[in-house]
Amino acid sequence: MTSLHITGDPSADELLSTDSFALLAGMLLDQQFPMERAFAGPAKVRERFGNLDPAAIAAAEPDSFADLCATPPAVHRYGRSMAARLQALATIVVEQYGGDTARIWNEAADGPDLVKRINELPGFGAQKAKIFTALLAKQCGVAPAGWQKAVGDYSKAGYRSVADVVDEESLQKVRAFKKEQKAKAKAG
């Protein structure tokens with residue numbers, strides 16, 4: 001993987017850059033919560049839980065794991081519900097991909113298949129699947145045939161999503177774009 005710069009925290013970014021489950025978990029947490037804090041969430045989980053092994057997370061006692069995620073500063077605004085989603089995600093990684101998160105994208109037949117595989121994960125919808133595919137393609141070198149068409153506008157140059165965040169300046173540009181899009185949607 002490439003060196004990612006999403007969180008503003010070098011150690012959290014290093015984890016995202018070297019641990020496929022951390023990257024996927026960060027994307028899972030990226031909803032109704034500031035992007036850089038969502039992607040820093042896996043580092044908090046590792047610090048508190050001791051590791052990010054999908055098998056260990058899947059097997060963790062749910063209430064204890066939820067407490068770990070909800071303890072301030074929480075892993076997410078909705079720490080307890082996101083803990084359950086993280087465990088569900090870890091379970092899928094273990095049961096369907098033998099605990100190897102990168103198989104989700106490394107074994108995809110093409111871009112549309114990759115979007116489909118991600119969309120089927122707990123906590124991922126169509127838009128999030130497209131954004132994560134664009135992130136993999138633009139920043140991680142995982143660019144299966146047809147990914148641009150499969151993700152639509154997220155493949156374009158510009159500052160549309162986390163796929164385009166490479167530093168603090170680009171993070172602010174993505175924020176401005178999202179704010180503009182929400183204003184347009186609200187207006188009509």
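Keep in mind the model is a prediction, meaning the values are calculated, not measured.
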Looking at side-chain heavy atoms only, is the closest gap between R80 and C69 below 4.5 Å?
-> no
Heavy-atom side-chain proximity of V165 to M35 below 4.5 angstrom | yes
Decide, yes or no, whether a salt bridge links K173 with D164 under the criterion of side-chain N to carboxylate O below 4.0 Å.
-> no
The salt bridge (Lys or Arg N to Asp or Glu O under 4.0 Å) partners of R48 (sequence neighbours excluded) come to none
Between Y154 and Q127, does any side-chain donor sit less than 3.5 Å from a side-chain acceptor?
-> yes
Taking the side chain as every heavy atom from C-beta outward, state whether C140 and L23 have any pair of such atoms under 4.5 Å apart.
-> yes
A129 backbone acceptor or donor facing N119 side chain under 3.5 Å | no
Given D167 and S170, is the side-chain hydrogen bond (donor to acceptor under 3.5 Å, both in side chains) satisfied, shown in steps?
-> CA-CA 5 Å; D167 56 23; S170 58; 2.9 Å; yes
Is there a side-chain contact between W147 and K138, using heavy atoms and a 4.5 Å cut-off?
-> yes
Under 3.5 Å side-chain donor-acceptor pair for S11 and D9 = yes
Pairing of E36 and R175 as salt bridge, 4.0 angstrom limit = yes
State whether the number of non-hydrogen atoms from other residues, nucleotides or ligands found under 6.0 Å of E120 atom CD is greater than 12.
-> yes
Which of V94, T101, L24 passes side chain to side chain contact (heavy atoms under 4.5 Å, CB included) with L89? Answer is L24
With Y159 via ring pair (Phe, Tyr, Trp, His ring centres under 6.0 Å) - residues at least two apart | none
When you check the gap from the basic side-chain N to the acidic O, do D100 and R103 get nearer than 4.0 Å?
-> no
Would you check if L15 and P42 make a side-chain contact, meaning some heavy-atom pair closer than 4.5 Å?
-> yes
For F39, the ring pair (Phe, Tyr, Trp, His ring centres under 6.0 Å) test, sequence neighbours excluded, returns none
